[in-house]
J.: 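Sharing a structure with you now.
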Amino acid sequence: ETGVTQTPRHLVMGMTNKKSLKCEQHLGHNAMYWYKQSAKKPLELMFVYNFKEQTENNSVPSRFSPECPNSSHLFLHLHTLQPEDSALYLCASSLGTGNSPLHFGNGTRLTVT
Amino acid sequence: AQSVTQLGSHVSVSEGALVLLRCNYSSSVPPYLFWYVQYPNQGLQLLLKYTTGATLVKGINGFEAEFKKSETSFHLTKPSAHMSDAAEYFCAVSAPYGGSQGNLIFGKGTKLSVKP
């Protein structure tokens, strides 16, 4: 149990589908993050929310749409994805200060067909 | 801007041998540095971190890392490798203050294999 729970663990979707990834943390953290992990590339920071406010959007295509209704929940809404979007999507949370480590979920393995 | 370079995408050692995973960073401000480990089909788990104070940092599972400002390095070591150490290891840097504080920038990772 990592304290950060992501669902689903695996997702296969067609390019015309709409789906959502869910992340929930029970650590009392204020900041939540979406990272994308692709083979042979560094983890890419996608979005950051601090106290429910989006503080970073790292030039992510609009087919990825985040939502943070409260400090414990984070969603990533997906629509009209491309095959190159296939990756492991990791959610993380932290206290949001420079020295506070990130706590990661186990990720959602997304395959776009 | 900050960045991290991990030398060697794959390192192989024998069980009982020294583990050395290299990390160099670039940062315009004094950085906070982290090492994470990722086992197959799992998320990343914190091994250790350096923020301020003692430059030799001890972490979980017998790992340690030393912050060397003059070399802009934060290499990860373990005196004696165990089969269970086989995993992928990530070095990360964050800014201690400012709008991006807390946002970790990761290296590409080093996959560690341990031979019996």
Side-chain angles (χ1 to χ4, degrees), chain A residues 1-10 21 23-25 27 29-51 53-60 87-110, chain B residues 1-10 23 25-53 57 59-60 65 67 87-111:
Chain A
E1 176 58 52
T2 67
V4 179
T5 304
Q6 290 187 244
T7 54
R9 290 297 308 274
H10 300 273
L21 310 185
C23 177
E24 186 173 357
Q25 60 97 1
L27 300 169
H29 289 162
N30 307 316
M32 296 190 78
Y33 308 76
W34 280 116
Y35 279 87
K36 176 183 179 183
Q37 186 176 30
S38 307
K40 302 189 190 312
K41 293 175 71 175
L43 276 81
E44 300 171 56
L45 178 61
M46 300 175 71
F47 301 104
V48 182
Y49 279 82
N50 224 317
F51 291 99
E53 299 297 322
Q54 185 174 309
T55 56
E56 184 130 354
N57 176 337
N58 209 15
S59 303
V60 181
L88 181 68
Y89 289 85
L90 291 165
C91 173
S93 69
S94 81
L95 292 172
T97 57
N99 62 354
S100 55
L102 270 59
H103 294 250
F104 284 84
N106 285 329
T108 294
R109 172 69 63 185
L110 173 67
Chain B
Q2 299 169 303
S3 66
V4 173
T5 302
Q6 290 185 240
L7 292 175
S9 60
H10 195 178
C23 172
Y25 69 90
S26 173
S27 178
S28 56
V29 298
Y32 291 156
L33 295 159
F34 304 79
W35 274 101
Y36 282 81
V37 60
Q38 186 178 31
Y39 298 101
N41 301 314
Q42 293 187 24
L44 278 69
Q45 178 184 357
L46 179 71
L47 271 179
L48 49 79
K49 68 176 183 178
Y50 168 78
T51 54
T52 58
V57 180
I60 62 171
F67 170 61
E88 191 156 18
Y89 292 80
F90 294 89
C91 182
V93 62
S94 78
Y97 47 80
S100 296
Q101 65 168 316
N103 298 351
L104 293 190
I105 306 301
F106 286 86
K108 289 187 177 182
T110 298
K111 190 164 287 187

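Letters go in sequence order (proteins before strands), and every chain restarts at 1.
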J.: Please flag which part of A:Gln37 lies under 4.5 Å from any non-hydrogen atom of chain B: side chain, backbone, both or neither.
T.: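 Interface part for A:Gln37: side chain.
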J.: Heavy-atom distance under 4.5 Å to chain A: side chain of B:Gln45, backbone, both or neither?
T.: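 Nothing of B:Gln45, per the 4.5 Å heavy-atom cut-off to chain A.
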J.: Is B:Tyr36 close to chain A through its backbone or its side chain, or both, or neither, when contacts mean heavy atoms under 4.5 Å?
T.: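 Interface part for B:Tyr36: side chain.
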J.: Less than 4.5 Å to any heavy atom of chain A: does that hold for the side chain of B:Leu46, its backbone, both, or neither?
T.: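 Answer is side chain: those atoms of B:Leu46 sit under 4.5 Å from chain A.
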J.: Between A:Pro8 and A:Thr108, what is the shortest heavy-atom contact and its length?
T.: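 Reported closest heavy-atom pair: O-OG1, 2.5 Å.
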J.: Is A:Leu88 in contact with chain B via its backbone, its side chain, both, or neither, using a 4.5 Å heavy-atom distance?
T.: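 Just the side chain, heavy atoms under 4.5 Å.
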J.: Between A:Phe104 and B:Phe106, how do the two ring planes meet: parallel, tilted or perpendicular, split at 30° and 60°?
T.: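 Ring orientation of A:Phe104 relative to B:Phe106: perpendicular.
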J.: Side chain, backbone, both or neither: which part of A:Arg109 has a heavy atom under 4.5 Å from chain B?
T.: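 The answer is neither part of A:Arg109.
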J.: Which heavy-atom pair separates A:Leu90 from B:Gln38 by the least distance, and what is that distance?
T.: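 The pair with the smallest heavy-atom distance is CD1-NE2, 4.4 Å.
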J.: Please evaluate residues B:Gln2 and B:Ser27 with respect to the criterion side chain to side chain donor-acceptor pair (under 3.5 Å), reporting the C-alpha separation (whole Å), side-chain torsions for both, the decisive distance (0.1 Å), and the verdict.
T.: CA-CA 5 Å; B:Gln2 299 169 303; B:Ser27 178; 3.2 Å; yes
J.: Report yes if the side chains of A:Tyr35 and A:Leu102 come closer than 4.5 Å at any heavy-atom pair, otherwise no.
T.: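 Side-chain contact under 4.5 Å: yes.
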